[in-house]
Enquirer: 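For reference, the structure I am asking about is given below.
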Amino acid sequence: MKKLVIAIDGPAGAGKSTVAQIVARKMGYVYIDTGAMYRAVTWLALRQNLTVKDAAAVGDLAAGAVIELTYAAGKLVVLVNGEDVTGPIRTPEVTGLVAEISQILPVREAMLVLQRNMAAKGGVVMDGRDIASRVLPNADVKVFLTASIEERARRRWKELLDKGYTVDLEELKREIADRDRKDYEREYAPLIQTEDAVLVDTTAMSIEAAVDEILKICEEKSGGI
Ligand code: CDP
Ligand code: CDP
């Protein structure tokens with residue numbers, strides 16, 4: 001059976017990484033979290049006290065960074081220049097800056113090369129914002145995964161609560177909406193639903209149902225998996 005290339009795009013909290021990881025596991029494919037790569041570059045920039053104003057320096061940093069997505073006990077481990085940054089790339093500081101760092105063209109160009117290399121052999125599920133439109137325009141399956149802003153904020157709120165943090169839901173909603181706006185409106189490779197992508201709205205859908213929906217789309221595409 002031909003190994004498919006599956007692209008999943010959508011806004012924050014739509015369920016992309018959760019669903020993409022399960023789909024990849026069920027199909028025996030590799031999961032590539034491109035958001036983690038942009039977060040890794042942002043983490044590097046923060047560590048060197050660089051901001052979006054230092055676009056050229058951040059671009060050089062991205063081009064020179066060795067970013068590896070590996071797995072330990074079934075969990076994604078992100079290495080930057082050999083350093084484990086799995087935890088640090090999810091801090092509020094990184095989350096607050098990542099959408100701005102992602103607007104820098106040389107950063108995007110560096111990530112594009114890495115991401116296309118990672119997908120070159122097929123048998124991959126890649127999630128992000130510009131996967132169907134820019135990184136893998138010839139992907140066999142393109143899914144635009146979304147959910148209402150209320151539901152996406154509620155999910156993130158619950159996720160934080162489970163980790164022991166109580167945050168203000170309305171504030172969280174504003175932060176997510178602000179990041180979405182930056183991702184939708186940026187000049188280079190904005191978040192977009194391509195014409196050939198299948199829309200999957202998970203607002204009232206369980207994780208299992210979203211996974212089944214995507215597996216069904218893959219099955220239709222490959223004539224049985
Ligand atoms: O928080 P969430 O898991 O939804 O986001 P993420 O997938 O970790 O991505 C973090 C940020 O990286 C996004 O808000 C975008 O600004 C950027 N990103 C991007 O520009 N292009 C991608 N292909 C993936 C992420
Ligand atoms: O990667 P993205 O930002 O699109 O979302 P995620 O990190 O995979 O999912 C955000 C949260 O929503 C996680 O805690 C998931 O378990 C949860 N989720 C859900 O409750 N129902 C879904 N249908 C999908 C995700």
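Any value given below was found using the heavy atoms of this structure, including those in side chains, with hydrogens, waters and symmetry copies removed. The first residue of the sequence shown is numbered 1, and numbering continues consecutively from there. Whatever order the structure lists them in is the order used to number ligands and atoms, beginning at 1.
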Enquirer: Does some side-chain heavy atom of Val125 sit less than 4.5 Å from a side-chain heavy atom of Val30?
Expert: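 Side chain of Val30 against side chain of Val125, heavy atoms only: no contact under 4.5 Å found.
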Enquirer: Any idea which atoms of ligand 1 are less than 4.0 Å away from a heavy-atom of Arg186?
Expert: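 Selected atoms, number and element: 16 (O), 19 (C), 20 (O), 21 (N).
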Enquirer: May I ask you to identify the nearest protein heavy atom to atom 23 (N) of ligand 2, giving residue, atom name and distance to one decimal place in Å?
Expert: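 Heavy-atom neighbour on the protein nearest atom 23 (N) of ligand 2: Met205 O, 2.9 Å.
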Enquirer: Tell me the closest heavy-atom pair linking Met126 and Ala119, and the distance in Å.
Expert: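 Minimum heavy-atom contact is CE-CB, 4.0 Å.
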Enquirer: Where is the tightest heavy-atom contact between Lys26 and Val211, given as atom of each residue plus distance?
Expert: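 Scanning both residues, the minimum pair turns out to be CD-CG1, 4.4 Å.
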Enquirer: Spell out, yes or no, whether Ile67 and Val124 are grouped together once hydrophobic residues are joined by side-chain heavy atoms under 4.5 Å, including indirect joins.
Expert: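 Cluster IDs for Ile67 and Val124 match.
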Enquirer: Looking only at side chains, do Thr202 and Arg155 share a donor and an acceptor under 3.5 Å apart?
Expert: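 Side chains of Thr202 and Arg155: pair found under 3.5 Å.
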Enquirer: With heavy atoms of Ser206 as the reference, note each atom of ligand 2 found under 4.0 Å away.
Expert: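 That gives atoms 23 (N) of ligand 2.
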Enquirer: Just jot down the ligand 2 atoms closer than 4.0 angstrom to any heavy atom of Arg155, in number order.
Expert: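 The atoms of ligand 2 under 4.0 Å from a heavy atom of Arg155 are 11 (C), 12 (O), 17 (C), 18 (N), 19 (C), 20 (O), 21 (N), 22 (C), 23 (N), 24 (C), 25 (C).
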Enquirer: So which heavy atom in the protein is nearest atom 11 (C) of ligand 2, and how far is it from that ligand atom?
Expert: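 The closest heavy atom on the protein side is Glu159 OE2, 3.4 Å.
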Enquirer: Looking at Arg156, which atoms of ligand 2 are within less than 4.0 Å of one of its heavy atoms?
Expert: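 Contacts of ligand 2 toward Arg156, numbered from 1: 3 (O), 7 (O), 10 (C).
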Enquirer: Counting only heavy atoms closer than 4.0 Å, does ligand 1 sit against the backbone of Ser102, its side chain, both, or neither?
Expert: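 For Ser102, the contact with ligand 1 is made by the side chain alone.
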Enquirer: Have a look at Met126, Arg39, Arg108, Glu100 and point out the one with the heavy atom closest to atom 20 (O) of ligand 1.
Expert: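 Shortest heavy-atom distance from atom 20 (O) of ligand 1: Arg108.
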Enquirer: Below a 4.0 angstrom heavy-atom separation, can you tell me which part of Arg152, side chain or backbone, both or neither, approaches ligand 1?
Expert: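 Looking at Arg152 and ligand 1, no heavy atom falls under 4.0 Å.
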Enquirer: Identify whether Val58 and Leu46 are in the same connected component of the hydrophobic contact network (ILVMFWY, side-chain heavy atoms under 4.5 Å).
Expert: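 Yes; Leu46 is reachable from Val58 via cluster members.
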Enquirer: Answer side chain, backbone, both or neither: which part of Ser17 comes under 4.0 Å from ligand 2, heavy atoms only.
Expert: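 Both backbone and side chain.
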Enquirer: What residue and atom, counting heavy atoms only, is the protein's closest point to atom 25 (C) of ligand 2, and at what distance?
Expert: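 Here the nearest protein heavy atom works out to Gly15 CA, 3.7 Å.
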Enquirer: List ligand 1 atoms under 4.0 Å from Gly13, heavy atoms only on the residue side.
Expert: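 The list of qualifying atoms is 4 (O).
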Enquirer: With heavy-atom distances below 4.0 Å as the criterion, list the atoms of ligand 1 near Asp183.
Expert: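 This gives 13 (C), 14 (O), 15 (C), 16 (O) as the contact atoms.
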Enquirer: Considering only heavy atoms of Pro11, which atoms of ligand 2 have at least one such atom less than 4.0 Å away?
Expert: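 Every atom of ligand 2 under 4.0 Å from some heavy atom of Pro11: 4 (O).
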Enquirer: Side chains of Ile176 and Ile149: does their closest heavy-atom pair fall under 4.5 Å?
Expert: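 Side chain of Ile176 against side chain of Ile149, heavy atoms only: contact under 4.5 Å found.
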Enquirer: Over all heavy atoms of both residues, which pair between Ala153 and Leu172 is shortest? Give the atoms and the distance, please.
Expert: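 Closest pair (atom of Ala153, atom of Leu172, distance): O-CD2, 3.6 Å.
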Enquirer: For residues Val77 and Tyr71, determine if any side-chain heavy atom of one lies less than 4.5 Å from a side-chain heavy atom of the other.
Expert: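 No. Closest side-chain heavy atoms not under 4.5 Å.
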Enquirer: Do Tyr31 and Asp127 meet the criterion of a side-chain donor-acceptor pair at a distance under 3.5 Å?
Expert: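 Result is yes, a qualifying pair exists.
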Enquirer: Between the candidates Thr146, Thr18, Asp201, Val19, which shows the shortest non-hydrogen contact distance to atom 6 (P) of ligand 2?
Expert: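 Looking at heavy atoms only, the winner is Thr18.
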Enquirer: Among all the protein's non-hydrogen atoms, which is closest to atom 16 (O) of ligand 2, and how far away is it?
Expert: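 I find the closest protein heavy atom is Ile207 CD1, 3.6 Å.
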Enquirer: Side chains of Thr34 and Arg129: is there a donor and an acceptor less than 3.5 Å apart?
Expert: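 Side chains of Thr34 and Arg129: no pair found under 3.5 Å.
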Enquirer: Give the minimum heavy-atom separation between Val5 and Gly122, together with the two atoms involved.
Expert: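 For Val5 versus Gly122, the nearest heavy atoms are CG2-CA, 3.9 Å.
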Enquirer: So, does Gly10 sit close enough to ligand 2 that a heavy atom of it is under 4.0 Å from the ligand?
Expert: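 Under 4.0 Å: no for Gly10.
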Enquirer: Is it true that Met37 lies under 4.0 Å from ligand 1, counting heavy atoms only?
Expert: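 Per 4.0 Å heavy-atom rule, Met37 does not contact ligand 1.
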Enquirer: Number the atoms of ligand 1 from 1 as they appear, then name those within less than 4.0 Å of a heavy atom of Ala99, with their elements.
Expert: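 The list of qualifying atoms is 16 (O).
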Enquirer: With side chains defined as the heavy atoms from C-beta onward, is the minimum distance between Lys221 and Ile217 less than 4.5 Å?
Expert: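 When only atoms from C-beta onward are counted, Ile217 and Lys221 do not touch, as no gap falls below 4.5 Å.
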Enquirer: Have a look at Arg179, Lys182, Arg90 and point out the one with the heavy atom closest to atom 1 (O) of ligand 1.
Expert: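 Among Arg179, Lys182, Arg90, the closest heavy atom to atom 1 (O) of ligand 1 comes from Arg179.
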Enquirer: Heavy-atom contacts with Asp130 under 4.0 Å: which atoms of ligand 1 show up? List them by number with element.
Expert: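 Atoms satisfying the 4.0 Å criterion: 21 (N), 22 (C), 23 (N).
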Enquirer: Does only the side chain of Gln103 get under 4.0 Å from ligand 1, or the backbone, or both, or neither? Count heavy atoms.
Expert: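 For Gln103, no heavy atom sits under 4.0 Å from ligand 1.
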